[in-house]
Protein chains: 2
Amino acid sequence: MGVSKSTGTQSGTKSSTQGVRSETVRRSNLSAILGMLRTAASVTRSELVEATGLTRSAVGSLIGELVEHGLVTEIGAQHDGHRGRPSAMAELDGAGLAALSFEIGVDGVAAAVVNLRGEVIDDARASRTRGPVPVEAKVDDLVTLANLLGYVDGAVGDRRIVGIGVAVAGTVTSDGQTVVMAPNLQWSDVQLADLVSARFGDGVAVTIGNDADVGALAEHRFGAGDGASDMIFVGGEIGIGGGIIVDGQRVHGRSGFAGEVGHMPVNPSGDVCGCGSIGCWETEVGERALLRRAGLDEDGGNAAVQRLLLAAQQGDAMVLDAFAEHGGWMAIGLACLINVFDPEIVVMGGMFNDVWHHVEDVVTSDLARTSFGGRARPGVVVAGRLGNSARLIGAAELAFQPLLDNPVSA
Amino acid sequence: MGVSKSTGTQSGTKSSTQGVRSETVRRSNLSAILGMLRTAASVTRSELVEATGLTRSAVGSLIGELVEHGLVTEIGAQHDGHRGRPSAMAELDGAGLAALSFEIGVDGVAAAVVNLRGEVIDDARASRTRGPVPVEAKVDDLVTLANLLGYVDGAVGDRRIVGIGVAVAGTVTSDGQTVVMAPNLQWSDVQLADLVSARFGDGVAVTIGNDADVGALAEHRFGAGDGASDMIFVGGEIGIGGGIIVDGQRVHGRSGFAGEVGHMPVNPSGDVCGCGSIGCWETEVGERALLRRAGLDEDGGNAAVQRLLLAAQQGDAMVLDAFAEHGGWMAIGLACLINVFDPEIVVMGGMFNDVWHHVEDVVTSDLARTSFGGRARPGVVVAGRLGNSARLIGAAELAFQPLLDNPVSA
DNA sequence: CCCCATTTGTTGTAATCTATTACAAATAAA
DNA sequence: TTTATTTGTAATAGATTACAACAAATGGGG
């Protein structure tokens, strides 16, 4: 084949002023292979050779190193009827590893043990009456849940916990250490990573993420977003948040605050929003707006929304009307996002995950009219596949990230 | 120092399934050094060593190769009073190179010869009465302008033309070959790259870009966006377009259509837009809206806008009122973009470049109220620095891109 | 004016990583 | 059973950067 083959395509390296060395090459290739093994159930070596553009020997060496570190196992080849020696299958191992993930919301907290495949091995939830809760109390709750899940000394059962990820309904600095503002919890400038770290020991790294951002991460890697390179996730309950994936990477913004889609101004003659602006999308498509449209108490919370969903399923005309109006406003914000990003897919999570079924028709037909050049063909906006677990799975991904970037660090 | 130093920071390589080889390493490092030399006037070798994290010997070898290919010259060291042997200065050469760039707008066409530093060496413009023009006529205009600039057989004077870039007021596929839709020119699905290529010979690659996208590129690399990693450029005249830079890279979207900020819905009770939707930002902040607010003919074109600017400078109260109202609507769309992206900087180009002076106060004070958490502190939104040349410079960057990614390809 | 510490460029060698080549192993087809 | 094909492995080669030693250039101190 010779050099003329040269793997074509883009360089695979990002333009930057940082130099690259041979260690970087190894790390990058290990990471690429591990990444492929994570999404597919099992991959043959020859598939890896083709996908990476590397040679058989290089792939062999890389897999050997991953096996050595207990991240990958090789299983017998499958004779698939093709000619020639069958290729050995490589599979993600990671049976001895897991991430511990937490979710801090206004209604309570949740915790899960998640494996490298993004599967929830065990989880636990604790509800509290909605409202602001001091940080210390929330962290106490986390510790309680972790104990419930059997977390002892950096491990759960025979799985070593490689890191702790926390999803919070608030803005988080891009270093994943500090909660800058969580309006519904009434937190501001909380060094959450340090507080959690203090309770779980120094051996385990703690990373925080905005709940919509981590939801996006989860749906992108294991859910409805699958292998899309450009994706938008819209989630939330009272407050509406968004997670944006461009070219396979989360968009952070200047300081980690990107994705505040709930505060896109969509209605100049709308209500005053908690943020001080007027007619934010959140005031039109948030939980309170939905309840108001259905003639219920705005503060009814998730329980009221569930009753509404039941009524809709039973064909209650007034409730269906409320959903239709709600869908109209949802479409307006979605048109904005779609026209600006031209995403491959928009995933509706959080409250919208439940509601989607009842608004899909309205939203889709509105978007056909309002998206530029009709780019929002049906199927661009979909409901999330991970439902309530999305945030926990995404938070676990935060914890796994260092391992994924540098699989054989130690 | 030993390995413990290990350059820290991010890997510099993007997560991808593509493998990396030693050629890739060399290319990436050459590209990094060339990139640094492009922005700074001149850089010492020791500065390059520090910035790249590479060793002196590696940097020496890389610069040597760039010098060999005529892209870089080394000039004598500057004794800056520091102790030790003064470091040699490296400077971008590229005296023998240039890009030929074109801009196709509704009002006419423009052409320029641009060097590797993003400096316009020579340019020419041709106006036509506003309106749709067949592609062939526009391409004829381009050839005329190129001749005027002295383009002969892949060169202008003693500069070899490494590529041709074209900015068009329309959506362009992400491969930079086809204009999908240009409403104001009434083009759709035009294989513009091929048409231009046919007139300029096969030796020179032709790349097309959306005018706002290339404007963003130019302001990001050589203008107001400088070294910002997250930037938004808003430009346009009749139609409003946007170019989005995230993490130093243009956001393309699924098929290259991202950045249609002119069609963000901002006013549910607004006018019907040409795109079929209602209350698009464009209907509130486009040229026609401005003229309407000032009580002029909506179709007055750029000439009318210039008269308006003059009247505003002379303190015409009615015109100033019109600008204030216009600024209010500008702020609404900007708040949307800022809340969603949290950019370091927003650059106002095209028509807004001229108008900015008269709306800045209104926009800034509105944004302080409507941007989430007051993140739009003064100075986030600025006027472009490259003015009318931004699109030509950006189009030239499209032409230079292959060279920048792979400096010593041949 | 000379010597020394400091910084930088250069050169030769070592280390790291992937490509190449040759060969063995495993399978289907003839 | 033989042959063609595909895959895995091991040894060697090639490319690139790191490392170490030394030379060159400069300022500071005596």
Side-chain angles (χ1 to χ4, degrees), chain A residues 1-7 11-13 18-33 43-67 74-90 407-408, chain B residues 1-7 11-13 18-33 43-67 74-90 407-408:
Chain A
M1 52 177 79
V3 182
S4 61
K5 189 192 168 196
S6 89
T7 68
S11 71
T13 64
Q18 194 71 26
V20 181
R21 310 186 302 191
S22 57
E23 312 157 27
T24 322
V25 171
R26 186 69 170 185
R27 197 192 320 154
S28 170
N29 285 341
L30 286 167
S31 180
I33 287 185
V43 183
T44 67
R45 272 204 201 190
S46 54
E47 283 166 350
L48 288 173
V49 166
E50 189 168 9
T52 59
L54 300 171
T55 58
R56 292 202 297 274
S57 54
V59 170
S61 154
L62 290 163
I63 289 200
E65 193 166 348
L66 290 172
V67 169
E74 282 203 293
I75 53 184
Q78 295 272 350
H79 325 172
D80 59 345
H82 274 188
R83 215 167 150 138
R85 174 175 172 175
S87 192
M89 305 279 251
V408 298
Chain B
M1 53 178 78
V3 182
S4 60
K5 191 192 167 194
S6 89
T7 67
S11 71
T13 63
Q18 193 71 24
V20 180
R21 311 185 304 189
S22 58
E23 314 156 25
T24 322
V25 171
R26 186 69 169 184
R27 196 192 321 153
S28 169
N29 285 341
L30 285 167
S31 179
I33 286 185
V43 183
T44 66
R45 266 156 86 142
S46 54
E47 285 166 350
L48 288 172
V49 167
E50 190 169 9
T52 58
L54 301 171
T55 58
R56 291 202 299 273
S57 53
V59 170
S61 155
L62 290 162
I63 289 201
E65 193 166 349
L66 291 171
V67 168
E74 282 202 293
I75 54 184
Q78 296 273 349
H79 325 169
D80 60 346
H82 275 187
R83 218 170 149 137
R85 175 174 173 176
S87 191
M89 306 278 253
V408 298

Handout entry: Side-chain heavy-atom pair B:I33, B:L48 within 4.5 angstrom cut-off
Key =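 B:I33 vs B:L48: side chains touch.
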Practice task
For residues A:L54 and A:L62, determine if any side-chain heavy atom of one lies less than 4.5 Å from a side-chain heavy atom of the other.
Solution key: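 They are in side-chain contact.
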Donor-acceptor pair, side chain of [X] and main chain of [Y], under 3.5 angstrom:
{"X": "A:S31", "Y": "A:R27", "result": "no"}
{"X": "B:S28", "Y": "B:T24", "result": "no"}
{"X": "A:S87", "Y": "A:T44", "result": "no"}

Quick test: give all pairs of protein nitrogen or oxygen and nucleotides 12-16 of chain D nitrogen or oxygen below 3.5 Å, distance rounded to 0.1 Å.
none

Practice task
When you get a sec, tell me which of D:dG8, C:dA19, D:dA18 is the closest nucleotide to the side chain of A:A88?
Solution key: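 Of the candidates, D:dG8 comes closest.
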Starting at atom [atom1] of [X], determine the distance to atom [atom2] of [N], rounded to an integer number of angstrom.
{"X": "A:E65", "N": "C:dT18", "atom1": "CD", "atom2": "C1'", "value": "13 Å"}
{"X": "A:R45", "N": "C:dA26", "atom1": "CZ", "atom2": "C1'", "value": "14 Å"}
{"X": "B:H82", "N": "C:dA5", "atom1": "NE2", "atom2": "C1'", "value": "15 Å"}
{"X": "A:Q78", "N": "C:dA28", "atom1": "CD", "atom2": "P", "value": "13 Å"}
{"X": "A:L54", "N": "D:dT7", "atom1": "CG", "atom2": "C1'", "value": "16 Å"}

Problem - B:S61 side, atom OG; B:R26 side, atom CZ - distance, nearest 0.5 Å - result: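 Between atom OG of B:S61 and atom CZ of B:R26 there are 3.5 Å.
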Exercise for the section: Select from A:R83 and B:G60 the residue whose nearest nucleotide in DNA chain C is closer to the 5' end of that strand. Expected result: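 Looking at DNA chain C, the more 5' nearest nucleotide goes with B:G60.
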Exercise for the section: Establish, with yes or no, whether the OP1 or OP2 oxygen of C:dG9 is under 4.0 angstrom from a side-chain nitrogen or oxygen of B:S87. Expected result: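 Checking B:S87 against C:dG9: at least one side-chain N or O falls below 4.0 Å of OP1 or OP2.
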Handout entry: N/O (side chain, A:S46) to phosphate O (OP1/OP2, D:dT7) under 4.0 Å
Key =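 The answer is yes; a side-chain N or O of A:S46 sits under 4.0 Å from OP1 or OP2.
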Considering all heavy atoms, the nearest [X]-[Y] contact:
{"X": "A:Q78", "Y": "A:P86", "value": "O-CB, 3.8 Å"}
{"X": "A:V25", "Y": "B:V25", "value": "CG2-CG2, 3.0 Å"}
{"X": "B:V408", "Y": "B:E65", "value": "CG2-OE2, 3.4 Å"}

Got a list of protein N/O to nucleotides 22-25 of chain D N/O distances below 3.5 Å?
from   : atom 1 : to    : atom 2 : distance (Å)
D:dA25 : N3     : B:R85 : N      : 3.2

Exercise for the section: Report which part of the nucleic acid A:A77 touches: base, sugar-phosphate, or nothing (heavy-atom distance under 4.0 Å, all strands). Expected result: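 Touches nothing.
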Practice task
Answer with yes or no whether A:S57 presents, from its side chain, a donor or acceptor under 3.5 Å of a partner atom in the base of C:dT20.
Solution key: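 Yes, the side chain and the base share a sub-3.5 Å donor-acceptor pair.
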